[in-house]
2 protein chains.
Amino acid sequence: MLSIGKLSARTRVKVPTIRYYEQIGLLPEAERSQGNQRLYGTKALERLAFIRHARDLGFGLEAIRDLLSLSDRPDQSCAEADAIARAQLAEVDSRLSRLLALKSELQRMVAQCAGGRIADCRVIEVLGDHAQCAADHTAI
Amino acid sequence: MLSIGKLSARTRVKVPTIRYYEQIGLLPEAERSQGNQRLYGTKALERLAFIRHARDLGFGLEAIRDLLSLSDRPDQSCAEADAIARAQLAEVDSRLSRLLALKSELQRMVAQCAGGRIADCRVIEVLGDHAQCAADHTAI
DNA sequence: CTTGTACCTCTAGTCCCTATAGGGATTACG
DNA sequence: CGTAATCCCTATAGGGACTAGAGGTACAAG
């Protein structure tokens, strides 16, 4: 059995975050030692690794909650899991295109800065006037 | 003079957000009508448009606060504004590369889903096992 | 003059943690 | 075996950047 610190080290999920996941019901309540400290077995380790990996891929905690409950019912159709993943992919895609537009605006802005006074600064000027932008853009 | 609603319509910044910006000192306290309603002139409109545009480009409120105070001192060197913009560009760049890695993982995951049972679902399986990923990835 | 919309303040909630305070448990070393 | 260092516990507050709601006031249109 692992202490919360060891579990944290193995999964690279911080200790308070693990407790938080338990608090919001994403992890089941852990067993306790005689001294009331949390103890984790292999199943908890796998579940937390799953969560961490899904977080790394940008899934929200509610999506992860759904994915976990799906993975607990192995005989069901995986259509729902597929849909969640596709939604996440679409989300990532739209962020990507917005970030690309953003990047080119920022590049234009920075490239035009001649290093003079604020009064002549293209950075400040462009920020003040959206009409100077090449295309629409919105962060994240 | 514009009411907060009209200002909101012109800048596409929501009314409560405008009040929030005032509260945190990003906008100066607005003048008031006899009936205690906020009134805005051209300067406030420009300042808010600047904020909105910078937010669209992904700048954080603290960076915007800095940019605004720079723009109030037009005789200073614009090196600082340039640095803020470059930092933002670097940030966008690193998000972009992470999102790209993410996207290809998600695509692989989704492409492998055969639409069968959860027990055979690649989505669930890949999430449970980071070793199946092609590369490192971390969201946002 | 009434109705409906826009406005006001204040508080609390969102997401996903992170930090802090004030303590108890365990482990390592001498 | 004692003590110090490290780990763990709970509970609460904070952060970024808003957003939502309650309960009430001002103003424009008909």
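Reminder, nothing fancy here: chain letters follow the sequence lines and each chain counts from 1. The figures here come from the full heavy-atom set of this structure, side chains too, leaving out hydrogens, waters and symmetry mates.
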Determine, stepwise, if the pair B/Glu22 / B/Arg19 fulfils salt bridge (charged side-chain N to carboxylate O under 4.0 Å, His left out). CA-CA 5 Å; B/Glu22 178 180 315; B/Arg19 289 197 277 250; over 6 Å; no
Stepwise salt bridge (charged side-chain N to carboxylate O under 4.0 Å, His left out) check, A/Arg122 with A/Glu125: CA-CA 5 Å; A/Arg122 295 291 301 160; A/Glu125 191 182 325; 3.2 Å; yes
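Within residues 9-19 of chain B, the residues that place at least one heavy atom under 4.0 Å from DNA chain D are, in residue-number order, B/Lys14, B/Thr17. Within residues 22-41 of chain B, the residues having any heavy atom closer than 4.0 Å to DNA chain C are, in order of number, B/Arg32, B/Asn36, B/Gln37, B/Arg38.
When hydrophobic clusters are built by joining Ile, Leu, Val, Met, Phe, Trp and Tyr residues whose side-chain heavy atoms come closer than 4.5 Å, directly or via intermediates, B/Leu100 is grouped together with B/Val92.
In this structure, B/Arg55 and B/Leu61 have side chains that are in contact, with non-hydrogen atoms separated by less than 4.5 Å.
More than 12 heavy atoms of other shown residues, nucleotides or ligands fall within 6.0 angstrom of atom CZ in A/Arg117. Applying the 6.0 Å contact sphere to CD of B/Glu31 captures no more than 12 heavy atoms from other residues, nucleotides or ligands.
With sequence neighbours left out, A/Gln76 forms a side-chain contact (heavy atoms from CB on, under 4.5 Å) with A/Leu70, A/Arg73, B/Ile118. Partners of A/Ala54 by side-chain contact (heavy atoms from CB on, under 4.5 Å), not counting sequence neighbours, listed by chain and number: A/Phe59, A/Ile64, B/Leu127. Residues that satisfy the side-chain contact (heavy atoms from CB on, under 4.5 Å) test with B/Asp93, not counting sequence neighbours, are A/Lys103, B/Leu96.
Between the CG atom in B/Leu45 and the CE atom in B/Met1 there is a gap of 11.5 Å [rounded to 0.5 Å].
Residue B/Tyr20 contributes atom OH, which lies 17 Å from atom P of C/dT9 at whole-angstrom precision.
Along DNA chain D, the stretch of nucleotides lying under 4.0 Å from any heavy atom of chain B spans, 5' to 3', D/dA17 to D/dC27.
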